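Report on the following structure.
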Amino acid sequence: MRLKRLKIYEKICSNWFYICIFAIFALSVYAGLADFDYYWQVDLGRQIVKNGDFNGIYNQSWGSLGISTYYDHEWLTNILFYFVSLIDIKGISVMKLLISLFLATCITLYIRSEKKELNIVSTIELIVFFFILSTVFIKVKAYCISIGFLLLEVMFLKQYKRSRSNKYFIYMLILLLFWTNMHSGSMPLFFGVAGIYWLTCLRDEKKVLLYGVGYLLSTLINPYGYKLVVFNLLHNGDRTMKQYVLDWRALDAKTATGVLCAFVIFMCIISLYKVNLKKHSFDIVMLFVVIFLGLQSVRHLIYLTPFIISITLDTRFTLKKFTSEQLSYISLFFIGLAVLVNVSTFSSKDYKEDYAMNYVDNDLKQLLIDTNKDDCNNIFTADIDMWSLGLKSFSSGAFPCTKQRFEDSYLIMYCGSDSQIKQVIDYYGLTKFVFSKNNILIDYYNVNNTLYEYLANNDEYECLYDSDFYCYFVKKGVVNASK
(Lines give C-alpha, C1' and ligand atoms only; values in the text may rest on other atoms or scores of the structure.)
Protein backbone atom coordinates (compact mmCIF):
# COMPACT_ATOMS: atom_id res chain seq x y z
CA MET A 1 0.00 0.00 0.00
CA ARG A 2 2.84 2.34 0.90
CA LEU A 3 4.61 1.51 -2.38
CA LYS A 4 1.45 2.34 -4.30
CA ARG A 5 1.14 5.70 -2.58
CA LEU A 6 4.79 6.41 -3.33
CA LYS A 7 4.26 5.72 -7.03
CA ILE A 8 1.25 8.04 -7.13
CA TYR A 9 3.28 10.73 -5.38
CA GLU A 10 6.15 10.32 -7.86
CA LYS A 11 3.69 10.56 -10.75
CA ILE A 12 2.29 13.82 -9.39
CA CYS A 13 5.80 15.22 -8.95
CA SER A 14 6.80 14.33 -12.52
CA ASN A 15 3.59 15.69 -14.05
CA TRP A 16 2.95 18.60 -11.69
CA PHE A 17 3.09 21.17 -14.50
CA TYR A 18 0.39 19.48 -16.61
CA ILE A 19 -1.82 18.96 -13.56
CA CYS A 20 -1.35 22.66 -12.86
CA ILE A 21 -2.55 23.58 -16.36
CA PHE A 22 -5.85 21.71 -15.97
CA ALA A 23 -6.42 23.12 -12.49
CA ILE A 24 -5.71 26.69 -13.62
CA PHE A 25 -8.14 26.48 -16.53
CA ALA A 26 -10.80 24.96 -14.28
CA LEU A 27 -10.61 28.23 -12.29
CA SER A 28 -12.12 30.09 -15.23
CA VAL A 29 -15.60 28.87 -14.25
CA TYR A 30 -15.86 31.68 -11.72
CA ALA A 31 -15.69 34.46 -14.34
CA GLY A 32 -16.67 35.32 -17.90
CA LEU A 33 -20.35 34.37 -17.50
CA ALA A 34 -21.78 37.88 -17.55
CA ASP A 35 -22.36 37.72 -21.26
CA PHE A 36 -25.71 37.52 -23.03
CA ASP A 37 -24.46 36.17 -26.37
CA TYR A 38 -24.70 32.62 -25.03
CA TYR A 39 -28.47 32.82 -24.75
CA TRP A 40 -29.31 34.02 -28.24
CA GLN A 41 -26.78 31.52 -29.59
CA VAL A 42 -28.55 28.73 -27.70
CA ASP A 43 -31.78 29.79 -29.41
CA LEU A 44 -30.09 29.69 -32.83
CA GLY A 45 -28.84 26.18 -32.06
CA ARG A 46 -32.36 25.17 -31.04
CA GLN A 47 -33.80 26.43 -34.34
CA ILE A 48 -31.19 24.47 -36.32
CA VAL A 49 -31.77 21.22 -34.39
CA LYS A 50 -35.56 21.40 -34.28
CA ASN A 51 -36.42 23.17 -37.52
CA GLY A 52 -33.31 22.82 -39.68
CA ASP A 53 -33.32 26.62 -39.91
CA PHE A 54 -29.84 28.09 -40.41
CA ASN A 55 -31.27 31.61 -40.73
CA GLY A 56 -32.97 31.68 -37.34
CA ILE A 57 -31.37 35.02 -36.48
CA TYR A 58 -34.10 36.73 -38.51
CA ASN A 59 -36.72 35.13 -36.25
CA GLN A 60 -35.11 36.77 -33.24
CA SER A 61 -35.44 40.36 -34.40
CA TRP A 62 -38.68 42.14 -35.25
CA GLY A 63 -39.28 44.38 -38.20
CA SER A 64 -37.26 44.98 -41.34
CA LEU A 65 -36.00 48.49 -40.67
CA GLY A 66 -32.27 48.36 -39.96
CA ILE A 67 -31.93 44.62 -40.62
CA SER A 68 -28.91 43.44 -42.61
CA THR A 69 -27.67 40.17 -44.08
CA TYR A 70 -26.26 37.75 -41.55
CA TYR A 71 -24.77 34.27 -41.86
CA ASP A 72 -24.35 32.20 -38.73
CA HIS A 73 -20.58 31.73 -38.70
CA GLU A 74 -20.79 29.83 -35.39
CA TRP A 75 -23.68 27.49 -36.26
CA LEU A 76 -21.96 24.28 -35.11
CA THR A 77 -20.95 25.89 -31.81
CA ASN A 78 -24.52 27.10 -31.35
CA ILE A 79 -25.74 23.51 -31.65
CA LEU A 80 -23.22 22.50 -28.97
CA PHE A 81 -24.43 25.37 -26.76
CA TYR A 82 -28.02 24.25 -27.24
CA PHE A 83 -27.39 20.64 -26.21
CA VAL A 84 -25.41 21.73 -23.14
CA SER A 85 -28.19 24.19 -22.21
CA LEU A 86 -30.60 21.24 -21.91
CA ILE A 87 -28.84 20.24 -18.68
CA ASP A 88 -30.53 23.07 -16.75
CA ILE A 89 -29.89 26.71 -15.96
CA LYS A 90 -26.32 25.79 -14.99
CA GLY A 91 -25.55 24.79 -18.57
CA ILE A 92 -23.58 28.01 -19.11
CA SER A 93 -21.15 27.04 -16.33
CA VAL A 94 -20.85 23.51 -17.71
CA MET A 95 -20.07 24.97 -21.14
CA LYS A 96 -17.43 27.24 -19.63
CA LEU A 97 -15.81 24.26 -17.93
CA LEU A 98 -15.85 22.21 -21.15
CA ILE A 99 -14.18 25.03 -23.12
CA SER A 100 -11.55 25.42 -20.39
CA LEU A 101 -10.74 21.71 -20.25
CA PHE A 102 -10.57 21.54 -24.06
CA LEU A 103 -7.99 24.35 -24.05
CA ALA A 104 -6.02 22.72 -21.22
CA THR A 105 -5.92 19.49 -23.24
CA CYS A 106 -4.74 21.26 -26.41
CA ILE A 107 -2.05 23.17 -24.49
CA THR A 108 -0.81 19.97 -22.84
CA LEU A 109 -0.63 18.19 -26.21
CA TYR A 110 1.19 21.16 -27.71
CA ILE A 111 3.80 21.37 -24.93
CA ARG A 112 4.44 17.63 -25.07
CA SER A 113 4.83 17.79 -28.86
CA GLU A 114 7.56 20.42 -28.48
CA LYS A 115 9.66 17.72 -26.78
CA LYS A 116 11.52 20.23 -24.61
CA GLU A 117 12.91 19.66 -21.16
CA LEU A 118 10.81 21.73 -18.81
CA ASN A 119 12.79 24.55 -17.27
CA ILE A 120 11.65 25.83 -13.85
CA VAL A 121 11.69 29.47 -14.98
CA SER A 122 9.79 28.79 -18.18
CA THR A 123 7.12 26.73 -16.41
CA ILE A 124 6.54 29.47 -13.81
CA GLU A 125 6.29 32.09 -16.55
CA LEU A 126 3.76 29.94 -18.43
CA ILE A 127 1.74 29.36 -15.25
CA VAL A 128 1.39 33.14 -14.88
CA PHE A 129 0.34 33.46 -18.54
CA PHE A 130 -2.18 30.61 -18.29
CA PHE A 131 -3.64 32.08 -15.10
CA ILE A 132 -4.28 35.43 -16.83
CA LEU A 133 -5.63 33.67 -19.92
CA SER A 134 -8.00 31.55 -17.86
CA THR A 135 -9.33 34.15 -15.45
CA VAL A 136 -9.53 37.17 -17.77
CA PHE A 137 -9.82 36.13 -21.42
CA ILE A 138 -11.66 32.79 -21.55
CA LYS A 139 -15.41 33.25 -21.98
CA VAL A 140 -18.37 31.20 -23.16
CA LYS A 141 -17.74 32.21 -26.76
CA ALA A 142 -16.86 30.38 -29.94
CA TYR A 143 -13.68 32.37 -30.54
CA CYS A 144 -12.24 30.95 -27.29
CA ILE A 145 -12.61 27.45 -28.74
CA SER A 146 -10.54 28.58 -31.72
CA ILE A 147 -7.49 29.00 -29.44
CA GLY A 148 -7.43 25.21 -29.23
CA PHE A 149 -7.74 24.97 -33.01
CA LEU A 150 -4.75 27.29 -33.44
CA LEU A 151 -2.66 25.22 -31.01
CA LEU A 152 -3.48 22.04 -32.94
CA GLU A 153 -2.70 23.66 -36.29
CA VAL A 154 0.75 24.88 -35.22
CA MET A 155 1.43 21.49 -33.61
CA PHE A 156 0.52 19.67 -36.87
CA LEU A 157 2.71 22.02 -38.94
CA LYS A 158 5.73 21.46 -36.71
CA GLN A 159 5.20 17.71 -36.58
CA TYR A 160 5.00 17.63 -40.38
CA LYS A 161 8.34 19.44 -40.59
CA ARG A 162 9.93 16.84 -38.31
CA SER A 163 8.44 13.73 -39.92
CA ARG A 164 7.40 14.84 -43.45
CA SER A 165 4.36 12.61 -43.02
CA ASN A 166 1.38 13.61 -45.19
CA LYS A 167 -1.06 12.42 -42.52
CA TYR A 168 -0.68 15.81 -40.83
CA PHE A 169 -2.21 17.51 -43.88
CA ILE A 170 -5.24 15.25 -43.44
CA TYR A 171 -5.41 16.18 -39.76
CA MET A 172 -5.27 19.86 -40.73
CA LEU A 173 -8.10 19.42 -43.24
CA ILE A 174 -10.33 17.85 -40.57
CA LEU A 175 -9.35 20.64 -38.18
CA LEU A 176 -10.21 23.30 -40.79
CA LEU A 177 -13.66 21.81 -41.38
CA PHE A 178 -14.45 22.13 -37.67
CA TRP A 179 -12.88 25.59 -37.51
CA THR A 180 -14.91 26.85 -40.50
CA ASN A 181 -18.21 25.74 -39.00
CA MET A 182 -17.58 26.48 -35.32
CA HIS A 183 -16.04 29.93 -35.66
CA SER A 184 -15.29 30.85 -39.23
CA GLY A 185 -14.72 34.46 -38.18
CA SER A 186 -11.25 33.48 -36.97
CA MET A 187 -10.70 30.96 -39.78
CA PRO A 188 -8.55 33.39 -41.87
CA LEU A 189 -5.99 32.98 -39.09
CA PHE A 190 -5.58 29.34 -40.18
CA PHE A 191 -4.34 30.47 -43.60
CA GLY A 192 -2.24 33.32 -42.22
CA VAL A 193 -0.40 31.00 -39.82
CA ALA A 194 0.06 28.27 -42.45
CA GLY A 195 1.33 30.81 -44.99
CA ILE A 196 3.86 32.36 -42.63
CA TYR A 197 5.05 28.92 -41.52
CA TRP A 198 5.57 27.92 -45.16
CA LEU A 199 7.55 31.11 -45.86
CA THR A 200 9.77 30.74 -42.78
CA CYS A 201 10.16 26.97 -42.46
CA LEU A 202 8.88 25.04 -45.51
CA ARG A 203 9.72 27.06 -48.62
CA ASP A 204 11.27 24.01 -50.26
CA GLU A 205 7.92 22.17 -50.01
CA LYS A 206 6.07 23.19 -53.19
CA LYS A 207 3.28 20.66 -52.64
CA VAL A 208 2.16 22.69 -49.64
CA LEU A 209 0.71 25.20 -52.11
CA LEU A 210 -1.46 22.47 -53.66
CA TYR A 211 -2.74 21.50 -50.22
CA GLY A 212 -3.47 25.18 -49.67
CA VAL A 213 -5.79 25.25 -52.68
CA GLY A 214 -7.61 22.21 -51.32
CA TYR A 215 -7.97 23.89 -47.94
CA LEU A 216 -9.43 27.01 -49.55
CA LEU A 217 -12.02 24.92 -51.38
CA SER A 218 -12.91 23.09 -48.15
CA THR A 219 -14.06 26.38 -46.59
CA LEU A 220 -17.07 26.17 -48.93
CA ILE A 221 -18.31 23.12 -46.99
CA ASN A 222 -20.79 24.92 -44.77
CA PRO A 223 -24.55 25.66 -44.89
CA TYR A 224 -24.02 28.94 -46.77
CA GLY A 225 -21.22 28.10 -49.23
CA TYR A 226 -19.07 30.96 -50.52
CA LYS A 227 -21.40 33.57 -48.97
CA LEU A 228 -20.09 32.73 -45.49
CA VAL A 229 -16.48 33.29 -46.60
CA VAL A 230 -17.34 36.70 -48.08
CA PHE A 231 -19.37 37.62 -44.98
CA ASN A 232 -16.43 36.83 -42.69
CA LEU A 233 -13.98 38.92 -44.69
CA LEU A 234 -16.33 41.92 -44.57
CA HIS A 235 -17.34 41.35 -40.95
CA ASN A 236 -13.74 41.29 -39.65
CA GLY A 237 -13.29 44.85 -40.91
CA ASP A 238 -16.44 46.16 -39.22
CA ARG A 239 -15.45 49.30 -37.31
CA THR A 240 -18.77 49.45 -35.48
CA MET A 241 -17.94 46.23 -33.66
CA LYS A 242 -14.58 47.62 -32.53
CA GLN A 243 -16.21 50.83 -31.35
CA TYR A 244 -19.00 49.40 -29.21
CA VAL A 245 -18.51 45.70 -28.45
CA LEU A 246 -16.25 45.26 -25.43
CA ASP A 247 -14.46 42.17 -26.74
CA TRP A 248 -13.56 43.98 -29.93
CA ARG A 249 -12.25 47.20 -28.42
CA ALA A 250 -8.66 48.35 -28.73
CA LEU A 251 -6.32 48.02 -25.77
CA ASP A 252 -7.05 50.69 -23.17
CA ALA A 253 -4.38 50.84 -20.47
CA LYS A 254 -6.72 52.88 -18.23
CA THR A 255 -8.85 49.80 -17.50
CA ALA A 256 -7.92 46.83 -15.32
CA THR A 257 -8.18 44.49 -18.32
CA GLY A 258 -6.00 46.86 -20.34
CA VAL A 259 -3.28 46.75 -17.67
CA LEU A 260 -3.31 42.94 -17.74
CA CYS A 261 -3.13 42.98 -21.56
CA ALA A 262 -0.14 45.31 -21.41
CA PHE A 263 1.48 42.96 -18.88
CA VAL A 264 0.95 39.99 -21.22
CA ILE A 265 2.59 41.90 -24.07
CA PHE A 266 5.47 42.82 -21.75
CA MET A 267 5.88 39.12 -20.89
CA CYS A 268 6.10 38.29 -24.59
CA ILE A 269 8.83 40.86 -25.18
CA ILE A 270 10.83 39.75 -22.12
CA SER A 271 10.57 36.09 -23.19
CA LEU A 272 12.66 36.91 -26.29
CA TYR A 273 15.72 37.69 -24.15
CA LYS A 274 18.43 35.06 -24.55
CA VAL A 275 16.36 33.05 -27.04
CA ASN A 276 17.72 31.82 -30.38
CA LEU A 277 15.89 34.29 -32.65
CA LYS A 278 16.78 32.49 -35.87
CA LYS A 279 15.50 29.17 -34.55
CA HIS A 280 12.21 30.77 -33.56
CA SER A 281 11.73 33.03 -36.59
CA PHE A 282 8.19 31.73 -37.18
CA ASP A 283 7.13 32.13 -33.54
CA ILE A 284 8.61 35.63 -33.34
CA VAL A 285 6.92 36.81 -36.53
CA MET A 286 3.58 35.45 -35.32
CA LEU A 287 4.15 36.94 -31.87
CA PHE A 288 4.40 40.46 -33.31
CA VAL A 289 1.55 39.88 -35.79
CA VAL A 290 -0.77 38.89 -32.94
CA ILE A 291 0.41 41.77 -30.73
CA PHE A 292 -0.38 44.16 -33.59
CA LEU A 293 -3.86 42.65 -33.93
CA GLY A 294 -4.27 42.74 -30.15
CA LEU A 295 -3.55 46.46 -29.97
CA GLN A 296 -6.51 46.99 -32.28
CA SER A 297 -8.77 44.47 -30.52
CA VAL A 298 -7.82 42.93 -27.16
CA ARG A 299 -9.63 39.64 -27.87
CA HIS A 300 -6.91 38.76 -30.40
CA LEU A 301 -4.26 38.54 -27.68
CA ILE A 302 -5.52 35.04 -26.82
CA TYR A 303 -3.88 33.83 -30.04
CA LEU A 304 -0.44 34.51 -28.54
CA THR A 305 -0.73 31.16 -26.74
CA PRO A 306 1.18 28.72 -29.01
CA PHE A 307 3.92 31.21 -29.85
CA ILE A 308 4.69 32.36 -26.32
CA ILE A 309 4.73 28.70 -25.24
CA SER A 310 7.33 27.74 -27.87
CA ILE A 311 9.56 30.71 -27.10
CA THR A 312 9.27 30.45 -23.32
CA LEU A 313 10.13 26.74 -23.30
CA ASP A 314 13.53 27.63 -24.76
CA THR A 315 14.43 30.21 -22.14
CA ARG A 316 17.99 29.91 -20.85
CA PHE A 317 17.25 31.27 -17.40
CA THR A 318 17.52 28.68 -14.65
CA LEU A 319 16.74 28.41 -10.96
CA LYS A 320 18.40 25.67 -8.97
CA LYS A 321 16.71 26.47 -5.68
CA PHE A 322 13.57 24.48 -6.44
CA THR A 323 13.06 20.79 -7.10
CA SER A 324 10.16 19.12 -8.93
CA GLU A 325 9.00 17.75 -5.59
CA GLN A 326 8.78 21.25 -4.12
CA LEU A 327 7.08 22.67 -7.19
CA SER A 328 4.49 19.89 -7.13
CA TYR A 329 2.94 21.72 -4.18
CA ILE A 330 1.97 24.48 -6.61
CA SER A 331 -0.22 22.02 -8.48
CA LEU A 332 -1.79 20.91 -5.19
CA PHE A 333 -2.59 24.55 -4.40
CA PHE A 334 -4.29 25.13 -7.78
CA ILE A 335 -6.15 21.81 -7.55
CA GLY A 336 -7.54 22.81 -4.16
CA LEU A 337 -8.47 26.26 -5.45
CA ALA A 338 -10.13 24.82 -8.58
CA VAL A 339 -12.18 22.36 -6.52
CA LEU A 340 -13.26 25.14 -4.16
CA VAL A 341 -14.25 27.48 -7.03
CA ASN A 342 -16.19 24.82 -8.93
CA VAL A 343 -18.01 23.48 -5.88
CA SER A 344 -19.00 26.99 -4.76
CA THR A 345 -20.15 27.86 -8.30
CA PHE A 346 -22.31 24.83 -8.97
CA SER A 347 -23.72 24.63 -5.44
CA SER A 348 -24.39 28.35 -5.02
CA LYS A 349 -27.81 29.10 -3.53
CA ASP A 350 -27.85 32.37 -5.48
CA TYR A 351 -26.75 30.80 -8.78
CA LYS A 352 -29.51 32.45 -10.81
CA GLU A 353 -28.58 35.93 -9.65
CA ASP A 354 -24.80 35.41 -9.67
CA TYR A 355 -24.24 33.39 -12.84
CA ALA A 356 -27.39 32.87 -14.93
CA MET A 357 -27.54 36.26 -16.58
CA ASN A 358 -30.63 35.35 -18.57
CA TYR A 359 -32.58 34.83 -15.38
CA VAL A 360 -35.92 36.64 -15.42
CA ASP A 361 -38.18 36.10 -12.43
CA ASN A 362 -41.62 34.58 -12.96
CA ASP A 363 -43.53 37.84 -12.43
CA LEU A 364 -41.68 39.60 -15.25
CA LYS A 365 -41.90 36.52 -17.49
CA GLN A 366 -45.66 36.32 -17.12
CA LEU A 367 -46.01 40.07 -17.60
CA LEU A 368 -44.04 39.95 -20.85
CA ILE A 369 -46.12 37.06 -22.15
CA ASP A 370 -49.45 38.71 -21.20
CA THR A 371 -48.61 42.09 -22.70
CA ASN A 372 -47.29 40.68 -25.97
CA LYS A 373 -49.96 38.14 -26.88
CA ASP A 374 -51.41 40.23 -29.70
CA ASP A 375 -48.26 42.00 -30.84
CA CYS A 376 -44.74 40.81 -30.03
CA ASN A 377 -43.12 43.50 -32.17
CA ASN A 378 -42.03 47.05 -31.39
CA ILE A 379 -40.37 45.96 -28.14
CA PHE A 380 -36.90 47.22 -27.34
CA THR A 381 -34.76 44.80 -25.35
CA ALA A 382 -31.18 44.81 -24.19
CA ASP A 383 -29.33 42.29 -22.04
CA ILE A 384 -32.30 39.97 -21.60
CA ASP A 385 -33.21 36.58 -23.08
CA MET A 386 -36.47 37.24 -24.97
CA TRP A 387 -36.24 34.24 -27.26
CA SER A 388 -36.99 31.62 -24.64
CA LEU A 389 -40.32 33.42 -24.15
CA GLY A 390 -41.13 33.28 -27.85
CA LEU A 391 -40.73 37.04 -28.25
CA LYS A 392 -38.78 39.06 -30.80
CA SER A 393 -36.43 41.84 -29.83
CA PHE A 394 -35.01 45.05 -31.20
CA SER A 395 -31.42 43.90 -30.94
CA SER A 396 -29.79 40.49 -30.79
CA GLY A 397 -26.18 40.95 -29.90
CA ALA A 398 -24.90 42.99 -32.83
CA PHE A 399 -26.72 40.89 -35.42
CA PRO A 400 -28.36 41.08 -37.84
CA CYS A 401 -28.55 44.82 -37.27
CA THR A 402 -27.17 47.35 -39.68
CA LYS A 403 -24.54 49.74 -38.38
CA GLN A 404 -27.24 52.36 -37.86
CA ARG A 405 -29.60 50.12 -35.86
CA PHE A 406 -26.78 48.89 -33.66
CA GLU A 407 -25.57 52.43 -32.99
CA ASP A 408 -29.12 53.58 -32.25
CA SER A 409 -29.53 50.74 -29.73
CA TYR A 410 -26.33 51.77 -27.96
CA LEU A 411 -27.26 55.47 -28.14
CA ILE A 412 -30.59 55.26 -26.33
CA MET A 413 -29.27 52.83 -23.72
CA TYR A 414 -26.12 54.59 -22.65
CA CYS A 415 -25.27 57.98 -24.06
CA GLY A 416 -28.18 59.68 -25.83
CA SER A 417 -29.79 62.98 -24.90
CA ASP A 418 -33.57 63.17 -24.42
CA SER A 419 -34.05 64.51 -27.94
CA GLN A 420 -31.84 61.81 -29.46
CA ILE A 421 -33.69 59.06 -27.57
CA LYS A 422 -37.06 60.40 -28.71
CA GLN A 423 -35.83 60.58 -32.30
CA VAL A 424 -34.73 56.91 -32.26
CA ILE A 425 -37.96 55.76 -30.59
CA ASP A 426 -40.11 57.60 -33.16
CA TYR A 427 -38.00 56.40 -36.09
CA TYR A 428 -38.43 52.70 -35.26
CA GLY A 429 -41.88 53.00 -33.70
CA LEU A 430 -40.81 51.53 -30.35
CA THR A 431 -43.59 51.19 -27.77
CA LYS A 432 -42.27 48.68 -25.19
CA PHE A 433 -38.94 48.59 -23.41
CA VAL A 434 -37.47 45.84 -21.23
CA PHE A 435 -33.78 45.94 -20.30
CA SER A 436 -31.27 45.70 -17.48
CA LYS A 437 -30.98 48.97 -15.62
CA ASN A 438 -27.21 49.03 -15.32
CA ASN A 439 -24.48 47.36 -17.33
CA ILE A 440 -21.86 47.08 -14.59
CA LEU A 441 -20.93 43.41 -14.84
CA ILE A 442 -18.90 43.24 -18.01
CA ASP A 443 -15.22 44.04 -18.22
CA TYR A 444 -15.22 46.60 -15.40
CA TYR A 445 -17.33 48.79 -17.63
CA ASN A 446 -19.75 51.12 -15.83
CA VAL A 447 -22.28 53.34 -17.55
CA ASN A 448 -25.38 55.31 -16.62
CA ASN A 449 -28.56 54.05 -18.19
CA THR A 450 -29.99 57.07 -20.00
CA LEU A 451 -33.00 55.15 -21.36
CA TYR A 452 -34.24 54.36 -17.85
CA GLU A 453 -34.05 58.01 -16.81
CA TYR A 454 -35.82 59.14 -19.97
CA LEU A 455 -38.73 56.71 -19.62
CA ALA A 456 -39.12 57.10 -15.84
CA ASN A 457 -39.47 60.86 -16.19
CA ASN A 458 -41.74 60.85 -19.24
CA ASP A 459 -45.53 61.00 -18.76
CA GLU A 460 -46.08 59.18 -22.06
CA TYR A 461 -44.83 55.90 -20.54
CA GLU A 462 -45.82 53.76 -17.60
CA CYS A 463 -43.60 51.37 -15.66
CA LEU A 464 -45.05 47.87 -15.36
CA TYR A 465 -42.05 46.32 -13.63
CA ASP A 466 -39.03 47.68 -11.81
CA SER A 467 -36.43 45.74 -9.81
CA ASP A 468 -32.79 46.18 -8.91
CA PHE A 469 -31.83 44.55 -12.20
CA TYR A 470 -34.62 44.71 -14.81
CA CYS A 471 -37.35 47.18 -15.72
CA TYR A 472 -40.28 47.13 -18.15
CA PHE A 473 -41.87 50.28 -19.58
CA VAL A 474 -44.69 50.60 -22.12
CA LYS A 475 -46.21 53.53 -23.93
CA LYS A 476 -49.57 54.48 -22.46
CA GLY A 477 -52.48 53.28 -24.54
CA VAL A 478 -50.65 50.28 -25.97
CA VAL A 479 -52.96 47.25 -26.23
CA ASN A 480 -52.75 44.93 -23.20
CA ALA A 481 -50.36 47.30 -21.47
CA SER A 482 -52.11 47.19 -18.15
CA LYS A 483 -52.85 43.49 -17.92
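These numbers come from a predicted model, not from an experiment.
Applying the 6.0 Å contact sphere to CZ of Arg162 captures more than 12 heavy atoms from other residues, nucleotides or ligands.
When side chains are defined from C-beta on, Ile170 does not count as touching Phe156, because their heavy atoms never get closer than 4.5 Å. Using a 4.5 Å heavy-atom cutoff, the side chains of Phe137 and Leu260 are not in contact. Side-chain atoms of His300 and Leu189, non-hydrogen and from C-beta on, never get closer than 4.5 Å to each other. No side-chain heavy atom of Tyr197 sits under 4.5 Å from any side-chain heavy atom of Val154. The closest side-chain heavy-atom distance from His280 to Asp314 is below 4.5 Å. In this structure, the side chains of Val94 and Leu98 come closer than 4.5 Å at one or more pairs of heavy atoms. At least one side-chain heavy atom of Tyr211 sits under 4.5 Å from a side-chain heavy atom of Asn166.
The aromatic rings of Phe149 and Phe102 lie perpendicular to each other, with more than 60° between the two planes, well past the 30° mark. The aromatic rings of Phe81 and Tyr38 sit tilted, their planes meeting at an angle between 30° and 60°.
To the nearest 0.5 Å, the span separating CD on Glu153 from OH on Tyr168 amounts to 15.0 Å. If you take CD1 on Ile132 and CD1 on Ile138, they are separated by 12.0 Å, rounding to the nearest 0.5 Å. The structure places NZ of Lys207 at 6.0 Å from CZ of Phe169, a figure rounded to the nearest 0.5 Å.
Side chains of Ser93 and Thr345: a donor-acceptor N/O pair is absent below 3.5 angstrom, by distance only. Checking Thr180 against Asn222 by side-chain atom types alone, no donor-acceptor pair falls below 3.5 Å.
In terms of heavy-atom proximity, Tyr30 sits nearest to Thr135 at OH-O, 3.9 Å. Glu205 and Trp198 make their closest contact through O-NE1, 3.1 Å (heavy atoms, listed as atom of the first residue, atom of the second, distance).
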Original post:
Does the pair Lys158 and Glu114 meet the rule for a salt bridge (Lys or Arg N to Asp or Glu O under 4.0 Å), with working shown?
Top reply: CA-CA 8 Å; Lys158 291 185 176 182; Glu114 289 285 272; 3.7 Å; yes
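Among Ile265, Leu133, Leu295, the one residue that satisfies the side-chain contact (heavy atoms from CB on, under 4.5 Å) test with Leu301 is Ile265. Here the rule is side-chain contact (heavy atoms from CB on, under 4.5 Å) with Leu150, and of Trp179, Tyr110, Phe190 only Trp179 fits it.
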